[in-house]
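Scroll down for the structure; my scribbles are underneath it.
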Amino acid sequence: MSDTGFRPAHGEADWYDERLPRAIRSHRGNPFRTLATVTLVVVLASLLGISSAYLIIEREQPLNAVTIGPWHAYPKAGTSEADPYSVAIYTRGAVIPLASGEGLALVAREDSNGHQLDPTCEYRIAGQTPSARLWTMTPVDGHGHLVKTMSGRVNLASDALLRNADGTFEIVAATRPHSGNWLPLASDARAADGLRFVLRVYDAPVTTGAALDGVRMPTIDRLGCP
């Protein structure tokens, strides 16, 4: 009796047949090519991770910011809950953030209209700050460094501030002296140097993100540029 059993139309060897469509044709792997592909993927992933971390640190803007108008606060900066990127930013810039029991620093990099601060321009900072035993306002350059001013003074403190009858104030930040509350800016500044206003409030209840809800902060308006 002849063998009439089922025989497959294609054997295992047929999967390598060049006549088969490429989609179903078996592929004989090359170990060297596989190793090269894996190595390339690992290298690219490492470069991507390092580059993204570098860009975040280079921006010098810690994460988890609380934003109030043009001001940004980082309540977790001086706590054990600070994220690794923020810790790296402070370490790289040799900055010691205020602990939650000491106070809070708020930073402005833009005016109230969203324009980047320019150290060659004049600004009006007006309104009121959160309740605090003492606060200081300091102009720094784009990297957070103190600048050399015409008067030699580098900040303005709340205990030497002229206020309106309702408790509000108005500060003029400019290179040259102004009557009233004058916050000196860098005497030989260039636009490329950058500008930030740093408001540090001491012994204040607003040291956490939740406590900042509903807090009123001063506005920052550009008065003019040369």
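What you see is a predicted model, and the numbers here were worked out from it, not measured in a lab.
For the pair Thr138 and Arg200, the minimum side-chain heavy-atom distance is below 4.5 Å. Proximity of Val43 to Val41: side-chain heavy atoms (C-beta onward) are nowhere separated by under 4.5 Å. Considering only heavy atoms from C-beta on, Pro177 comes within 4.5 Å of Met150 through its side chain. At a threshold of 4.5 Å between non-hydrogen side-chain atoms, the residues Pro184 and Thr175 do not count as touching. Side-chain contact between Asn181 and Val172: absent, with no pair of heavy atoms (C-beta onward) separated by less than 4.5 Å. In this structure, the side chains of Ser158 and Arg133 stay at 4.5 Å or more apart for every pair of heavy atoms. Under the 4.5 Å side-chain criterion, counting only non-hydrogen atoms from C-beta, Val107 is not in contact with Val140.
Note that CG of Asp188 is 7.0 Å distant from NZ of Lys148, once rounded to the nearest 0.5 Å. To the nearest 0.5 Å, atoms CG (Leu161) and CD1 (Ile171) are separated by 5.0 Å. Note that OG1 of Thr67 and NE2 of His72 are 4.5 Å apart. Values are rounded to the nearest 0.5 Å. Distance check: Asp193 CG to His145 NE2 gives 12.0 Å after rounding to the nearest 0.5 Å. Leu156 CG to Leu199 CG: the interatomic distance, rounded to the nearest 0.5 Å, is 10.5 Å.
Partners of Glu110 according to the side-chain contact (heavy atoms from CB on, under 4.5 Å) rule, which considers only residues two or more places apart in sequence or in another chain, are Gln116. Looking at residues two or more places apart in sequence or on another chain, you find no salt bridge (charged side-chain N to carboxylate O under 4.0 Å, His left out) involving Asp141. In this structure Asp221 satisfies the side-chain contact (heavy atoms from CB on, under 4.5 Å) test together with Ser112, Arg124, Thr219, sequence neighbours excluded.
When all heavy atoms are compared, the tightest approach of Leu162 to Gly180 is CD1-CA, 4.0 Å. Closest of all the heavy-atom pairs between Ala132 and Val201 is CB-CB, 3.9 Å. Contact record, Ala157 with Leu134: CB-CD1, 4.5 Å, taken as the closest heavy-atom pair. The two residues Ala186 and Val147 make their nearest non-hydrogen contact at CB-CB, 3.7 Å. Scanning both residues, Pro119 and Ala189, for their nearest heavy atoms gives CB-CB, 3.6 Å.
Side-chain atoms of Arg196 come within 3.5 Å of backbone atoms of Gly142 as a donor-acceptor pair (strictly under, hydrogens ignored). At least one donor-acceptor pair closer than 3.5 Å links the side chain of Tyr123 to the backbone N or O of Asp118. Judged by distance alone, with hydrogens and angles left aside, the side-chain atoms of Asn113 form no donor-acceptor pair with the main-chain N or O of His115 at under 3.5 Å. Of the possible polar contacts, none joining the Thr168 side chain to the Asn164 backbone as a donor-acceptor pair under 3.5 Å is found. In this structure, the side chain of Trp182 does not engage the main chain of Ala173 through any donor-acceptor pair within 3.5 Å.
Checked against the 6.0 Å centroid threshold, Trp135 and Phe169 count as a close aromatic pair.
Other residues, nucleotides and ligands contribute at most 12 non-hydrogen atoms within 6.0 Å of the CZ atom of Arg176.
Considering Asn155, Leu183, Val198 as possible partners of Met137, the one that fulfils the side-chain contact (heavy atoms from CB on, under 4.5 Å) test is Leu183.
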- request: Walk me through it: do Trp71 and Ile220 pass the test side-chain contact (heavy atoms from CB on, under 4.5 Å)?
  value: CA-CA 9 Å; Trp71 301 92; Ile220 304 175; 3.6 Å; yes
Trace of the side-chain contact (heavy atoms from CB on, under 4.5 Å) decision for Ile125 with Glu170: CA-CA 6 Å; Ile125 305 171; Glu170 182 174 315; over 6 Å; no
- prompt: Can you list the steps and then say if Asp111 with Leu117 is a side-chain contact (heavy atoms from CB on, under 4.5 Å)?
  reply: CA-CA 6 Å; Asp111 62 22; Leu117 294 178; 4.1 Å; yes
message: Assess the residue pair Phe197 and Leu195 against the criterion (side-chain contact (heavy atoms from CB on, under 4.5 Å)); give the C-alpha distance rounded to whole Å, side-chain angles, the decisive distance to 0.1 Å, and a yes or no.
response: CA-CA 7 Å; Phe197 292 126; Leu195 171 64; 4.0 Å; yes
